[in-house]
Asks: 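Structure below; questions to follow.
All of these numbers come straight from a predicted model, not from anything done at the bench.
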Number of protein chains: 2
Amino acid sequence: MSDDLAARLRKQGLRLTPQRQLILRAVEELGHATPDEVLAHVRSQVSSVNASTVYRTLEVLEELGLVRHTHLSDRAPTYHSTREHEHVHAVCRRCHAVRSYDPAVVAPLVAALGEDGFTVDVGHLAIFGLCADCASEDPRAPGETEASSARLRG
Amino acid sequence: MSDDLAARLRKQGLRLTPQRQLILRAVEELGHATPDEVLAHVRSQVSSVNASTVYRTLEVLEELGLVRHTHLSDRAPTYHSTREHEHVHAVCRRCHAVRSYDPAVVAPLVAALGEDGFTVDVGHLAIFGLCADCASEDPRAPGETEASSARLRG
DNA sequence: CTTCGTGCAAAATTTTTGCACGTTC
DNA sequence: GAACGTGCAAAAATTTTGCACGAAG
């Protein structure tokens, strides 16, 4: 974990700093978090950490292979630790719940595109749709988007 | 097509305007385009179209079901026409080429999550990875991100 | 003529960048 | 002590919003 961070940084001639440790830990603790959320989390522990440091650090951590990002919303990217087992994300458009699935669910997909020479980045996959709860609660016509439902609600 | 637009607009009490026609046509002609690209395309034909109109119109068109968006890059969303057959997008991290696949490739995935009550929005799916050309041209260690390769290159 | 849509300008977000200073190795 | 990292402030880039005027039905 943190040893991992220190080791990987050293191997690249980069330095171990409190910010880098805090930001990595924040990602691990939050599970899935946007740069903004990471910043807030880190700041709740230490006051003076800058947004630009978060952006720069998340980039470094991703290069080191310690975190990854996916797009779990139409907005900011969300980062997660690579210490978790690799997983596929499914996001409910309605309630925004995120469920993780075993990569096995996309094995056939990986195989199919693989025959075409395409190597799927499974960890980056974000699958949007409607979760069981939301589907039963309040069925809507298919094809509706988050935007449209927001507008119809508003 | 445009008739479709007129009809759907009318049904919602919305109005048919030249901007809406142009923007829809731009999306159809471009295949996959960001709001910015749509704006540029429209402006190449008619001078005075505003960015905010593009944003607002893409939202309306999506509500009408005439266009959809996915996230084919880490940045802006990209819109495509729903007149095309529904398809799954695979984007190469390296060369940014976008290939469309038949939804059949994700049928097992849809089935798997379906058993869990999750309804997959196939049209929104964006699969990242490495295409055949790029994989053979210049193999890299697995786990590398676009950011890291950019940095290593830079 | 009534309602809706657009352009414009300003604001709000989110992310990036340059630079001087402080820290790590 | 040399190189790297951070905070800060400013700049970019992207998207949203309020409003008055023009256009569609």
Side-chain angles (χ1 to χ4, degrees), chain A residues 2-3 5-24 26 33-40 42-43 45-64 66 69 71-79 145-147 150-151 154, chain B residues 2-3 5-24 26 33-40 42-43 45-64 66 69 71-79 145-147 150-151 154:
Chain A
S2 279
D3 295 337
L5 174 59
R8 302 209 191 196
L9 286 168
R10 215 176 303 125
K11 184 157 49 176
Q12 305 281 329
L14 303 176
R15 292 172 185 175
L16 181 61
T17 67
Q19 287 88 338
R20 285 176 175 170
Q21 299 179 69
L22 286 166
I23 290 168
L24 175 55
T34 62
D36 202 58
E37 292 164 341
V38 170
L39 178 61
V42 172
R43 275 189 171 155
Q45 308 175 332
V46 178
S47 49
S48 66
V49 176
N50 198 272
S52 53
T53 298
V54 171
Y55 283 105
R56 289 187 280 224
T57 299
L58 287 172
E59 195 180 333
V60 169
L61 294 177
E62 187 153 29
E63 287 169 28
L64 296 179
L66 295 171
H69 81 272
H71 299 275
L72 267 33
S73 82
D74 283 345
R75 302 196 149 270
T78 62
Y79 288 81
T145 64
E146 180 170 51
R151 172 163 291 208
Chain B
S2 278
D3 294 338
L5 174 59
R8 302 209 192 198
L9 285 168
R10 214 174 305 123
K11 185 157 45 176
Q12 305 281 328
L14 303 176
R15 291 171 187 176
L16 180 64
T17 67
Q19 287 90 336
R20 287 176 174 170
Q21 298 180 69
L22 286 165
I23 290 168
L24 175 55
T34 62
D36 203 58
E37 292 165 340
V38 170
L39 178 62
V42 171
R43 276 189 171 154
Q45 308 176 331
V46 178
S47 49
S48 67
V49 176
N50 197 272
S52 53
T53 299
V54 172
Y55 285 104
R56 289 187 281 224
T57 300
L58 288 172
E59 195 180 331
V60 169
L61 294 178
E62 188 153 29
E63 286 169 30
L64 296 179
L66 295 171
H69 81 273
H71 299 274
L72 268 31
S73 83
D74 283 345
R75 301 197 150 271
T78 62
Y79 288 81
T145 64
E146 179 170 51
R151 172 162 294 208

Asks: Do A:Val60 and A:Leu66 make a side-chain contact, defined as non-hydrogen atoms from C-beta onward lying under 4.5 Å apart?
Replies: no
Asks: Are the side chains of A:Val42 and A:Val54 in contact, using a 4.5 Å heavy-atom criterion?
Replies: no
Asks: Can you check the B:Leu39 CG to D:dT15 P distance for me, whole Å?
Replies: 11 Å
Asks: Kindly assign one of parallel, tilted or perpendicular to the pair A:His71 and B:His71, based on the angle between their ring planes and the thresholds 30° and 60°.
Replies: parallel
Asks: Between the side chains of A:Ser47 and A:Arg43, does any donor sit under 3.5 Å from an acceptor?
Replies: no
Asks: Between protein and nucleotides 16-25 of chain C, map the contacts as a letter string: B base, S sugar-phosphate only, - none, heavy atoms under 4.0 Å, written 5' to 3'.
Replies: BBB----BBS
Asks: Take A:Leu58 and A:His69 through the side-chain contact (heavy atoms from CB on, under 4.5 Å) test and state the conclusion after the steps.
Replies: CA-CA 9 Å; A:Leu58 287 172; A:His69 81 272; over 6 Å; no
Asks: Just call it for B:Arg20: base, sugar-phosphate, or nothing, with non-hydrogen atoms closer than 4.0 Å on any strand.
Replies: sugar-phosphate
Asks: Could you give the CG-to-P distance, from B:Leu58 to C:dG5, as a whole number of Å?
Replies: 15 Å
Asks: Is A:Gln12 close enough to D:dC4 that one of its side-chain N or O atoms is under 4.0 Å from OP1 or OP2 there?
Replies: no
Asks: Would you kindly give the NZ-to-P distance between B:Lys11 and D:dA24, to the nearest whole Å?
Replies: 23 Å
Asks: Nearest-Å distance, CZ (B:Arg8) to P (C:dC4)?
Replies: 21 Å
Asks: Please list all pairs meeting salt bridge (Lys or Arg N to Asp or Glu O under 4.0 Å) that have one or both residues in residues 7-22 of chain B, counting only residues at least two apart or in different chains.
Replies: B:Asp4-B:Arg8
Asks: Specify the angle, to 10°, made by the local axes at the two ends of the helix from C:dC1-D:dG25 to C:dC25-D:dG1 when five pairs are taken at each end.
Replies: 40°
Asks: Sequence neighbours excluded, which residues qualify as side chain to side chain contact (heavy atoms under 4.5 Å, CB included) partners of B:Asp36?
Replies: B:Thr34
Asks: More 5' along DNA chain C: A:Pro35 or B:Thr57, using each one's nearest nucleotide?
Replies: B:Thr57
Asks: Using atom types as modelled and distance alone, determine if a side-chain donor or acceptor of A:Thr53 lies under 3.5 Å from a backbone N or O of A:Val49.
Replies: no
